[in-house]
Structures are given as structure tokens and as C-alpha cells.
Protein chains: 2
Amino acid sequence: MGLVQTASNSPYRYQDAHLDVDFVRKCALVDSHRLVLTRKEYDLLALLVENAGEIIPRNVLLLRVWGYSSEIRTRTLDVHVRRLRKKLGSYSEQYIETIFGIGYRFQPFRANQRFQTGVPTSPLAASA
Amino acid sequence: MGLVQTASNSPYRYQDAHLDVDFVRKCALVDSHRLVLTRKEYDLLALLVENAGEIIPRNVLLLRVWGYSSEIRTRTLDVHVRRLRKKLGSYSEQYIETIFGIGYRFQPFRANQRFQTGVPTSPLAASA
DNA sequence: GTGGAGTTGTAAAACTTTTGTAAAAACCAC
DNA sequence: GTGGTTTTTACAAAAGTTTTACAACTCCAC
């Protein structure tokens, strides 16, 4: 097992300066430290990371990770996001953004974080 | 090729700092001490060791060692894992990991256990 | 700016599922 | 039958997930 081929844009793996997600082995590392995630936590992270940069509405997350149809009112998603952020440690703020009224977005790590600092980017994508 | 090939990666044998499994003679040693295993115990250990480092789902273990199709609900596997661990003594924790909701994994001995220390590694493999 | 409705964050409890364990029962070869 | 092995049973313990209850925050109308 030699080094890794720059897999940065491989569909099987996500990598940036601090985070490394292996979609095949279904595991993740933060600064070369293994992230111990439960199934739901991993599923949630993976879905967000696979769509890095894109806003994923709550209802989509709830559907894809939990199989919940809309209409279901629950705080489970929030609780899981919280636990994920906790495990991501200090980078969590930068990685997982909350898009008020819509959902969440995973943002790849950027050393120079001057631009989209906290900017929820064009709000609205869904009609909710 | 040629040359000594320390049996470490021979398909007929597994060896690490403390454990030695001879797949031909179907016997195992722990710190040069013979492990007295019953048939099922050996089969289970062998299957895990042959796939060292990989997670083996419960249903695969039950199929390969017991011939059970899925759908069969039994605690036999757990009982055998327990007896195996008991016989492996103090190393058992390090060797046989439980992957919650999925199965078990045999992990080769590592002197420097800094990395995956007790880390159940990313769970998840199946969707349920 | 303020206020309020609605949304998200958080901690802890409740709940569900999975795994560990001990002991007894069932098996099996001799 | 006896001794050893394997499976079942019945719980206990652990891990994971969801709910609850409320605090904190955001956005928009005014």
C-alpha cells in the first residue's frame, strides 16, 4: 500500500487539507486521525461531502439518510449534525454550514477563508 | 520472489508477534503456546485471520463456518467469539474487534497501537 | 431597531437494537 | 452412558438512535 494517488477528485474518495473520506471503506480521517463515526453519522457526512459545495435541503437529507418522507417532524437531523460537528472538532464550523430555512452544506477546506466566511451563499433553492 | 519469504504472508500460515496460525495443520500458537481449539473455534479464527484487517459480516461468518443462511437468528457466533477471545487471553481485545451492526474483524498485532486503538473503524458497510 | 414566528442548537432522557455472558440443554462420537 | 463440543436460552450490558424540552438564533414585518 504505497501512497495514495492524488485521489482528490476520485469518486471513491474525498480529500482536502484536513479531511479524508474513503467512500469505499466508509471511514474518515481528520488530520490523519481516524474519525470514529456511527453508521448514521457516516451516512450523513458522506452525503454532504459527496455533494461538497452544494446545499442539501433538510428534506433531502432526511430522505436519503433516514428514509423519512417529508412531513415528518423530527430533530434527529440536527442532533446528528451536532455530533458530526463535534467529532470534526475545530474545523466543524468551516466544514458544515447551516443554511437557514433550507438545510446544510459541506464546504471543502480553504486555507484562505476570506471569501465565503459565514456567507450563506445564495439562499433559497427550494421554495420552502 | 524466491528468497526467504518469511511466512508472514504465506497463504498457508499467519504469523505476527504473538499469534501463529498454521492453516495446513489447522492449529494455532499464542506466544509459542499451543492454543487448544475446538473445530468450530478454529474455523472461526481461521476465517477471520485469513482475512486479517477486513471486516467480515456476521452473515458471512455464519454462512462460511456454520452453513447458516441469513435469516437464522442465533447467538452461536457470539458465543464462539467469546470463547475464542477467552483463549486468546490478553491479546483478544486487540485481535478480535467487534464492528457494531456488521460483524467482526481480526486485526494483526501492532506493537505501536497508536492508530486504530480500540477504534471500531468506520462501521457501516451495509445499509442496515 | 423591536418583536415575534419560525428555525436551529443543545443536553439529557428514553428508547431500540446489537452484542456479551453464564448456564443449561442438546448433540455426538466413542 | 461419558466426556467433550455445540447450540439455545435468558438476561445483562453496551452502542446507537430518536425524542423531548428548552435555549438560542435568524429573518421579516412593522
Side-chain angles (χ1 to χ4, degrees), chain A residues 26 35-45 48 55-59 61-88 92-93 95-105 118-128, chain B residues 26 35-45 48 55-59 61-88 92-93 95-105 118-128:
Chain A
K26 305 202 180 202
L35 257 191
V36 183
L37 302 173
T38 66
R39 180 169 342 219
K40 283 277 160 61
E41 284 164 2
Y42 171 80
D43 288 348
L44 176 57
L45 176 65
L48 288 167
I55 296 174
I56 307 186
R58 291 178 68 91
N59 59 322
L61 291 167
L62 282 168
L63 178 64
R64 302 271 312 268
V65 177
W66 282 270
Y68 288 179
S69 66
S70 304
E71 318 282 313
I72 291 185
R73 195 163 311 253
T74 176
R75 315 232 27 64
T76 298
L77 171 56
D78 309 80
V79 173
H80 276 81
V81 166
R82 177 172 179 277
R83 283 202 286 251
L84 242 187
R85 282 174 167 160
K86 207 163 196 173
K87 291 185 177 178
L88 284 174
S92 64
E93 280 311 304
Y95 278 133
I96 300 183
E97 282 179 84
T98 297
I99 310 300
F100 191 93
I102 302 179
Y104 294 93
R105 173 172 56 184
V119 175
T121 295
S122 80
L124 326 174
S127 49
Chain B
K26 301 200 182 211
L35 255 191
V36 183
L37 301 174
T38 66
R39 169 65 70 85
K40 283 277 160 61
E41 283 164 4
Y42 171 80
D43 288 349
L44 177 56
L45 176 64
L48 287 167
I55 296 172
I56 308 186
R58 290 178 69 91
N59 60 319
L61 291 167
L62 282 167
L63 178 65
R64 302 272 311 268
V65 177
W66 282 270
Y68 287 179
S69 67
S70 304
E71 318 282 314
I72 291 186
R73 197 163 309 254
T74 175
R75 313 229 34 61
T76 298
L77 171 56
D78 309 79
V79 173
H80 277 81
V81 166
R82 176 171 180 277
R83 284 202 287 251
L84 243 186
R85 281 174 167 161
K86 209 162 194 173
K87 291 186 177 177
L88 284 173
S92 65
E93 280 311 303
Y95 279 133
I96 302 184
E97 281 180 85
T98 298
I99 310 300
F100 192 94
I102 301 179
Y104 293 92
R105 173 172 56 184
V119 175
T121 293
S122 77
L124 331 171
S127 50

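A, B, ... follow the sequence lines: proteins, then strands. Residue 1 opens every chain.
In this structure, A:Asp78 and B:Tyr104 both approach DNA chain C, and ranking their closest nucleotides by distance from the 5' end singles out A:Asp78.
Rounding to whole angstrom units, OH of residue B:Tyr42 and C1' of D:dT5 are separated by 18 Å. As rounded to whole Å, 15 Å separates atom C1' of D:dG16 from atom CG of A:Leu44. The interatomic distance linking B:His80 (NE2) with C:dG20 (P) rounds to 14 Å, in whole Å. Going from atom CD of B:Glu97 over to atom C1' of D:dA15 covers 15 Å, rounded to whole Å. Distance CD (B:Glu93) to C1' (C:dT21): 14 Å, rounded to an integer number of Å. When rounded to the nearest whole Å, the span between CZ of B:Arg83 and P of D:dT5 equals 10 Å. Regarding A:Leu61, its CG atom lies at a distance of 11 Å from the P atom of C:dT8, rounded to whole Å. Between the CD1 atom of B:Ile102 and the P atom of C:dT19 there is a distance of 9 Å, given to the nearest Å.
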Which atoms of nucleotides 19-25 of chain D (N or O only) lie under 3.5 Å from a protein N or O atom, and what are those distances?
from   : atom 1 : to      : atom 2 : distance (Å)
D:dT19 : OP2    : A:Thr74 : OG1    : 2.9
D:dT19 : OP2    : A:Thr76 : OG1    : 3.4

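B:Tyr68 is linked by a side chain to side chain donor-acceptor pair (under 3.5 Å) to nothing, counting only residues two or more places apart in sequence or in another chain. Listed by chain and residue number, A:Thr76 satisfy the side chain to side chain donor-acceptor pair (under 3.5 Å) test with A:Thr74 (two or more places apart in sequence, or in another chain). In this structure B:Arg75 satisfies the side chain to side chain donor-acceptor pair (under 3.5 Å) test together with B:Asp78, sequence neighbours excluded. A search for side chain to side chain donor-acceptor pair (under 3.5 Å) contacts involving B:Tyr42 returns nothing, not counting sequence neighbours. Evaluation of the salt bridge (charged side-chain N to carboxylate O under 4.0 Å, His left out) rule for B:Arg85 yields no partner, not counting sequence neighbours.
Between C:dT10 and A:Lys86, no contact under 4.0 Å exists linking OP1 or OP2 to a side-chain N or O. Side-chain nitrogen and oxygen atoms of A:Trp66 include at least one within less than 4.0 Å of the OP1 or OP2 phosphate oxygen of D:dT18. Of the side-chain N and O atoms in A:Thr98, one or more sit less than 4.0 angstrom from OP1 or OP2 of C:dG9. One finds a side-chain N or O of B:Arg58 lying less than 4.0 angstrom from the OP1 or OP2 phosphate oxygen of C:dT19.
Between A:Lys87 and A:Val36, the closest heavy-atom pair is NZ-O, 2.8 Å.
Without hydrogens or angle criteria, A:Lys40 side chain to A:Val65 main chain gives no donor-acceptor distance under 3.5 Å.
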